[in-house]
Structures are given as C-alpha cells and as structure tokens.
Amino acid sequence: MLDPQVLRRDTEAIAAALKAQGYELDVPAFASLEEKRREIQEQTQNLQNERNTRSKEIGKAKGRGEDITELVAEVGNLGERLKDAEAGLKDVQDELQDIYVGIPNLTHESVPAGKDEEDNVEVRRWSEPRDLGFEPRDHVDIGEQLGLLDFEAASNLTGSRFVVLKGAMSRLHRALAQFMLDMHVTDHGYTEVYVPFLVNRNSLYGTGQLPKFEDDQFHADTESDYFLIPTAEVPVTNLVADSILEADELPLKFACHSPCFRREAGSYGKDTRGILRQHQFEKVELVQIVRPEDSYDALDELTSHAEAVLQRLELPYRTVVLCTGDIGFSAAKTFDIEVWVPGQQTYREISSCSNCEDFQARRMQARWRNPDASRPELVHTLNGSGVAVGRAMLAVIENYQQADGSVVIPDALRPYMGGTERIELA
RNA sequence: GGAGAGGUGGCAGAGUGGUCGAAUGCGGCGGUCUUGAAAACCGUUGACUCGAAAGGGUCCGGGGGUUCGAAUCCCUCCCUCUCCGCCA
C-alpha cells in the first residue's frame with residue numbers, strides 16, 4: 001500500500017507516475033471521496049468529543065452524590081446520532097480502503113519504462129552456453145527416455161501441470177534444494193526457517209496477493225478459509241507482521257525451502273510442455289527485512305546470492321531488470337535471473353528478486369525503532385528465489401545432457417547425490 | 001474430540017460500569033553519584049490517526065450488542081495454556 005498521506009498530498013503527481021506504470025487512478029473520484037471522509041470524520045469526532053465530555057460530567061456528578069436524571073436527559077439522542085455518523089464514516093473508509101489496496105507500488109526511479117517483458121533491460125550475463133556438439137533435446141525428452149520423469153502418471157493422479165519424479169531424478173531435485181539451502185545458510189548468513197504452507201487471508205493481504213489476486217491462489221475449501229502458499233515469501237515475510245523491531249535486530253535474513261502452489265489462471269496454453277510452469281513446484285526463498293536506507297544495497301546482495309547458486313552449478317545465465325510494465329504489484333524494483341535453457345535456445349526466468357520498499361511493511365505493519373526518529377518507522381522488505389528448484393533441475397538436465405542421453409551431475413551437487421556422477425539409462 | 005482457565009502497553013502483571021490510555025515491577029532513555037562501570041536514587045518512557053496549528057479522536061485478541069458512559073456486562077469468532085482421549 002502507498003502512504004495515504006503522500007497520496008492525499010501529491011495526488012496528481014502520483015497518479016501521473018502510476019499512469020506511466022499502466023495504472024489509472026480516478027483522481028477526481030479519489031479526491032472527492034477523501035474530502036467526504038474528512039468531513040464525516042470531523043463530524044464524528046466532534047460527536048465523540050461531546051459524548052466523552054458529557055459522560056464524564058455525569059460520572060463526576062454521580063460521584064458527588066448528585067441527581068443525574070437531568071444531565072442524562074440532556075444527552076438525548078446523542079448516542080444514536082453518533083452511531084449513524086460512525087456508520088457513515090466506516091462506509092467511506094471502506095470505499096477508500098478498496099482503492100488503496102488495489103494500487104500497485106510505485107517503481108524506483110532506476111526502473112526502465114516499458115510496456116511488457118520485451119522492454120526489460122539486461123544488466124549482466126554470466127558464462128556462455130556450452131557447445132554440446134549435437135542438437136540439444138529438452139528435459140521432457142531426456143527425462144522420459146531415462147524413465148525418471150512421468151507427466152502421464154501425474155495427470156492420472158491429479159491433472160495437467162503436475163509431474164512425478166523417480167529415482168535419481170527425484171534425488172537430483174532434493175539435492176538441489178538441500179544444496180541451495182545449505183549455501184545460503186552457511187555462506188550467505190541466512191537463518192533457515194520452516195513455516196506453514198497454508199496461510200490465512202491476512203497473511204496474503206500483507207504481502208499483496210489479496211485482495212487483488214485471489215484468482216491466482218489455491219483456496220482450501222474448508223471452514224478455516226486457508227490458502228496454499230504461492231511462494232514462501234508470504235509466510236516468511238509475515239513473520240515480522242505487526243511487530244516493532246529494535247535497530248540492532250536488522251537486517252533479518254531468512255531462507256526457506258517450500259512448495260509453492262499456483263493456479264496459473266490466465267496462462268492457458270503457455271509453457272504447457274515440461275516442468276517450467278506447474279501448479280506445484282518447490283523453491284528456496286530468500287527474504288530480507290532491512291532498514292530503509294539499506295534496501296537497495298540489500299537488493300543487489302540478495303540478487304548476487306541467487307546468482308551464486310547458478311555460478312556454483314555452472315549454469316549460464318543473464319540478469320535483467322524488469323521494466324515498469326512487467327514488474328509485479330508489490331515491487332519497487334525487480335531483477336529477474338534467467339538461466340540458459342538449451343532445449344528452447346533461450347534464457348528463462350529462474351529467480352525473481354524484488355525490493356518492495358515499505359509497500360508490504362505498511363500493509364502488514366512491520367516497523368523498527370529508528371534511533372534517529374521519534375516514532376517507529378516502516379521497514380523495507382525484500383524477497384527473491386534462490387532459486388526455483390524445478391527450473392534449476394530442468395536447467396541442469398538440459399545443460400548437462402550428453403549425446404548418449406545421460407545427464408552429468410554438476411560437481412557441486414555430487415556430495416548431495418551420494419557421489420553419483422551421472423544419471424544414465426538403467 | 002472432551003473438560004477447564006485465560007487473552008491488558010517492549011515484557012511481566014493489576015484493574016469487574018464513571019476522574020482509566022490504564023497501577024506496579026522489569027526493560028529502555030536522561031540525570032545525580034563514580035576515575036570508569038555496577039549498585040542506589042531522581043526523572044522520563046505505548047501505538048495509530050485527523051489537523052497548518054491549537055487541539056481532537058481511536059486502540060485493553062477480532063467483530064457485534066447493552067448503556068448517558070464499557071478494559072470491566074452480554075453475544076459471537078479467533079487464539080493461547082492445563083488435563084484427558086486419539087494420532088504421524
């Protein structure tokens with residue numbers, strides 16, 4: 001959520017900035033609603049003031065043993081009028097709230113303007129795609145030939161966009177997750193956390209998925225009103241919801257391995273082949289809670305932590321900064337890391353690292369005690385995949401494929417694979 | 001699943017209809033004392049919000065109700081703890 005005070009004060013300027021990002025704010029409607037709110041709020045508070053004053057008088061009179069019937073009669077229907085005023089105020093506030101929670105974050109000045117992913121800007125590239133010396137196949141062909149990747153079994157069990165992994169492939173998947181998690185904890189200073197994979201509405205509201213993106217979520221159809229997490233960002237970032245952190249507690253750095261569940265509504269027919277876009281996938285997520293002045297350094301650091309995973313796996317990648325038209329709802333700036341996918345002869349997203357500044361913090365009321373400020377201030381929150389496990393497996397399979405259909409295990413993963421050096425046809 | 005207890009400020013914990021945004025302690029901050037520190041003592045110390053300001057208003061788990069007036073009474077939901085049962 002944007003700062004309501006700033007939005008009220010600089011409505012025109014912010015509306016213009018939002019428009020450049022593709023969001024239309026109805027300025028006259030917003031302004032008149034705010035004006036209405038102010039009026040009703042003033043009236044309501046005056047009534048409240050009167051009630052408080054008169055009730056105190058009655059209390060005092062009663063304490064002195066005086067007759068209070070006349071004083072009580074004077075109050076008349078104040079209570080009713082106050083109730084009406086409060087109800088009216090609540091209506092306007094709800095209406096305003098609906099507007100506020102639907103407005104996306106403002107992007108950082110360094111974010112390039114653009115319409116869609118075509119306008120994202122590459123900022124760096126690491127390593128070169130290998131020359132395999134033969135026509136690369138994609139992971140579906142390789143995995144199915146090895147008998148270790150089974151989409152048909154998954155569609156029988158559930159439906160489309162799921163997969164069953166077997167044997168060494170299943171272990172490779174697990175090895176990747178363990179490898180990444182260990183790396184972030186041991187080398188990068190993150191604290192490992194294990195969290196619920198079902199969350200309530202409030203948590204999804206805090207990170208910005210609700211109310212606007214409810215259709216993208218899997219809702220557990222029970223009386224408890226829970227949702228399957230679309231990313232560990234939701235439970236992990238919400239660890240600091242409704243809290244006031246001491247200055248010396250920051251930065252907080254959390255790493256979390258979790259499954260993620262996405263409806264993929266609106267992506268019909270997109271990436272239907274293979275494991276690129278599944279309803280269920282795993283991810284090692286990185287979350288940082290930092291002081292506002294540190295958040296852009298933290299974004300660079302967090303992004304480098306995700307990149308380090310690909311470097312250790314020796315997978316070629318490039319890093320792009322998302323343009324204003326492609327960036328997510330809650331982010332002020334996002335770097336996507338795209339790994340080389342030989343089967344498609346292109347780079348595909350494997351990690352997305354964002355600085356949300358105070359957008360999520362305001363929604364979830366996550367604050368810290370700035371010693372230089374008189375009051376608690378909002379923290380900045382960051383998150384990034386470090387990295388998506390299934391896509392990393394896809395990249396390993398395709399980049400390390402051999403002419404004979406086997407797959408060589410990257411050195412970094414061998415300790416996690418019981419020393420296995422190669423996955424081959426049994 | 002059954003029975004009971006309880007949710008109050010950063011923490012602990014009083015407060016059962018009125019001068020209570022809330023005693024007291026701890027913690028924090030400032031000071032006195034000290035070479036310095038500790039101890040002791042004194043003072044101070046919740047969050048949010050409207051407003052240019054003066055000054056208002058809101059908040060005692062969430063929501064609703066009773067009342068001139070609710071932390072306190074009623075309803076409802078959520079959560080925590082204890083005991084029993086069941087269970088990976």
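Chain naming here is simple, since letters A, B, ... match the order of the sequence lines and numbering starts at 1 in each. Values below: every heavy atom of this structure, side chains too, minus hydrogens, waters and symmetry copies.
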Check whether the side chains of A:Ser354 and A:Asn383 place a donor and an acceptor atom closer than 3.5 Å, and report yes or no.
no

Hey, is A:Asp271 close enough to A:Arg348 for a salt bridge, meaning N to O under 4.0 Å?
yes

If we take the P atom in both B:rG4 and B:rG10, what is their distance in whole Å?
33 Å

Looking at B:rG9, which nucleotide sits across from it as a Watson-Crick or G-U wobble partner, both distances under 3.5 angstrom, or is there none?
none

Tell me, please, which residues at least two apart from A:Tyr416 pass ring pair (Phe, Tyr, Trp, His ring centres under 6.0 Å).
none

Base-contact (B) and sugar-phosphate-only (S) positions in nucleotides 62-80 of chain B, heavy-atom cut-off under 4.0 Å, - elsewhere
----S-BS-----------

Considering every strand and a 4.0 Å limit on heavy-atom distances, what is the contact class for A:Arg37: base, sugar-phosphate, or nothing?
sugar-phosphate

Provide the Watson-Crick or G-U wobble partner of B:rA3, both distances under 3.5 Å; none if there is no partner.
B:rU82

Indicate, yes or no, whether a donor-acceptor pair under 3.5 Å links the base of B:rG56 to the side chain of A:Gln45.
yes

B:rC29 -> Watson-Crick or G-U wobble partner, both distances under 3.5 Å, gives B:rG43

Once you apply a heavy-atom cut-off of 4.0 Å, does A:Asn46 come out as touching a base, just sugar-phosphate, or nothing?
nothing

Residues in ring pair (Phe, Tyr, Trp, His ring centres under 6.0 Å) with A:His257, at least two apart?
none

B:rG69 pairs with which nucleotide, Watson-Crick or G-U wobble, both distances below 3.5 Å?
none

B:rA23: pairing nucleotide in any strand, Watson-Crick or G-U under 3.5 angstrom:
none

Nearest to the side chain of A:Pro376, heavy atoms from C-beta on, is which of B:rU49, B:rA47, B:rG57?
B:rA47

Classify A:Gln5 by what it touches in the nucleic acid, base, sugar-phosphate, or nothing, heavy-atom distance under 4.0 Å.
sugar-phosphate

With both distances kept under 3.5 Å, what pairs with B:rA38, Watson-Crick or G-U wobble?
none

